Number of protein chains: 2
Amino acid sequence: MGNTRADILHAARGILAQHSLAELTMRRLAAEVGVAPNALYWHFADKQTMLAALADDLLAEVPARDDLPWTSALAAMAQDMRAALLAVPDSAEVVSSAWASGLAGNDLASRFAGIAASGGLLPSAAGGVATALCQLTIGLSIEEQTRAQMERLGVIGRSGRDYTAEFTAALDVIVDGARAASEAAR
Amino acid sequence: MGNTRADILHAARGILAQHSLAELTMRRLAAEVGVAPNALYWHFADKQTMLAALADDLLAEVPARDDLPWTSALAAMAQDMRAALLAVPDSAEVVSSAWASGLAGNDLASRFAGIAASGGLLPSAAGGVATALCQLTIGLSIEEQTRAQMERLGVIGRSGRDYTAEFTAALDVIVDGARAASEAAR
DNA sequence: ACCTGAACACCGTTCAAGT
DNA sequence: ACCTGAACACCGTTCAAGT
């Protein structure tokens, strides 16, 4: 009784941390909070809306990088975003769905775009940088976390992929592209 | 009776085309094929495996671009991949899950990497280009198709986003980055 | 080789009602 | 404002059995 939205989101994060997205059902979440399943619908319109709020929550911690030169700031913020996702199992999948549904705000993309614009990029190019960085980060994190989940369940063996190396290589390409666009716009 | 794997995948594609991923249930798929739900489990181990086969199917049509200069070939193949995804509603989501599960082969990433390598990139940089292109293309397509699905259901209005422009801008950044990496390696 | 009948253990969500 | 009881209309999957 007397639960708040934040309590529910905290419990949801806990289920991801200790189990998986597959186990994050409304019924289980309700049990964790100590409430009947339908009680959740007083706080959230539906599951999708709850997941969107969780997605906003998960990415709220990505810090600003205003101290760094703009290309370094782009790279650092992408690394921070990835770290925030990897800290909570299956969170990348949650964020992807939330962004796709349009129910979560995408603060992060505009922050990337702002940094790129500060490097002298035209708005469309700055937007392109932001899009490429966001999609790379969530997409690769989804692959990594899904794989980790399957390994955790013992349904499959180690992948042999080095996700960090793959991420860094792709990140470098995008940052190089941003630098090239900056020089072209000058 | 006497259904083949291909018949089932064809029916699955039809459900995506005429309805959505949400309606692509094993029960509905079975009904479409004219069979009891559990009959599908003779052909596929589980739903995930079936979706992985569907994902391979959906991307099998992306043509080669060996005739073009390498940077143009990268861009053209990314555009072709996007076109293949956009041709079937919700297919990007299917491909994303399938790649994440590791049950689908990812031919496309190696083809991108091969083209990049032909431009003189080191293996790690070529892999980075492939990763960035694949994640951009599926990630943005997921957003576009999910949005389209919600509009189709009338649950939400037009987005005002120009996904093609966003895609092109991000694609340009990545290709510029690939070119820069090529010059650096020379 | 390919399918059915029947069942198990779940889902998200709604509605009326309670305090 | 916040929650419960009971129900509805579904899911994916398994098992034994049929032809």
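Keep in mind the model is a prediction, meaning the values are calculated, not measured. We name chains A, B, ... by the order of the sequence lines, and we start the count at 1 in each one.
- Contact annotation: the side chain of A/Arg186 approaches that of A/Glu183 to within less than 4.5 Å [non-hydrogen atoms, C-beta and beyond].
- In this structure, the OH atom of A/Tyr41 is 4 Å from the P atom of C/dT13, given to the nearest Å.
- Atom CH2 of A/Trp42 and atom P of C/dT14 are 16 Å apart (whole Å).
- A distance of 11.5 Å separates CG in A/Asp56 from CG in A/Leu51, rounded to the nearest 0.5 Å.
- Rounded to whole angstrom, the span from the CE atom of A/Met26 across to the P atom of D/dT4 amounts to 14 Å.
- Here the CZ-CG distance, from A/Arg13 to A/Asp57, works out to 5.0 Å after rounding to the nearest 0.5 Å.
- Residues from residues 43-52 of chain A placing a heavy atom under 4.0 Å of any atom in DNA chain C, listed by number, are A/Asp46, A/Lys47.
- In this structure, A/Glu93 CD and A/Thr146 OG1 are separated by 5.5 Å, a value rounded to the nearest 0.5 Å.
- Side-chain atoms of B/Glu23 and B/Gln18 form no donor-acceptor pair, as typed in the model, at a separation below 3.5 Å.
- When heavy atoms are screened at a 4.0 angstrom cut-off, A/Ala36 is found touching the sugar-phosphate backbone but no base atom.
- Separation of the P atoms belonging to D/dA9 and C/dA9 is 23 Å when rounded to the nearest angstrom.
- Both cation-pi conditions hold for A/Arg82 and A/Phe167: the charged atom is under 6.0 angstrom from the six-membered ring centre and inside a 45 degree cone around its axis.
- Annotation: C/dC11 and D/dA7 have their C1' atoms spaced 14 Å apart (nearest Å).
- A/Asp176 contributes atom CG, which lies 9.5 Å from atom OG1 of A/Thr71 (distance to the nearest 0.5 angstrom).
- Where DNA chain C pairs in unbroken runs of 3 or more (Watson-Crick or G-U, both distances under 3.5 Å), the stems are C:4-8 with D:12-16, C:12-16 with D:4-8.
- We find that CG of B/Leu29 is positioned 14 Å from C1' of D/dC11, with the value rounded to whole Å.
- To the nearest 0.5 Å, atom CG of residue B/Leu74 and atom CZ of residue B/Arg179 are 9.5 Å apart.
- Nucleotides D/dC3 and C/dC15 place their C1' atoms 14 Å apart, quoted to the nearest Å.
- For B/Arg27, the side-chain atoms get nearest to C/dA7 when compared with the rest of D/dC3, C/dA7, C/dC11.
- A/Glu23 places its CD atom 11 Å from the P atom of C/dC10, with the value rounded to the nearest Å.
- For the pair A/Leu24 CG and C/dC10 C1', the interatomic distance rounds to 16 Å; values are reported in whole Å.
- Here the straight-line distance linking atom CG of B/Leu85 with atom CG of B/Asp90 works out to 11.0 Å at 0.5 Å rounding.
- C/dA17 and D/dC2 have their C1' atoms separated by 13 Å, with the value rounded to a whole Å.
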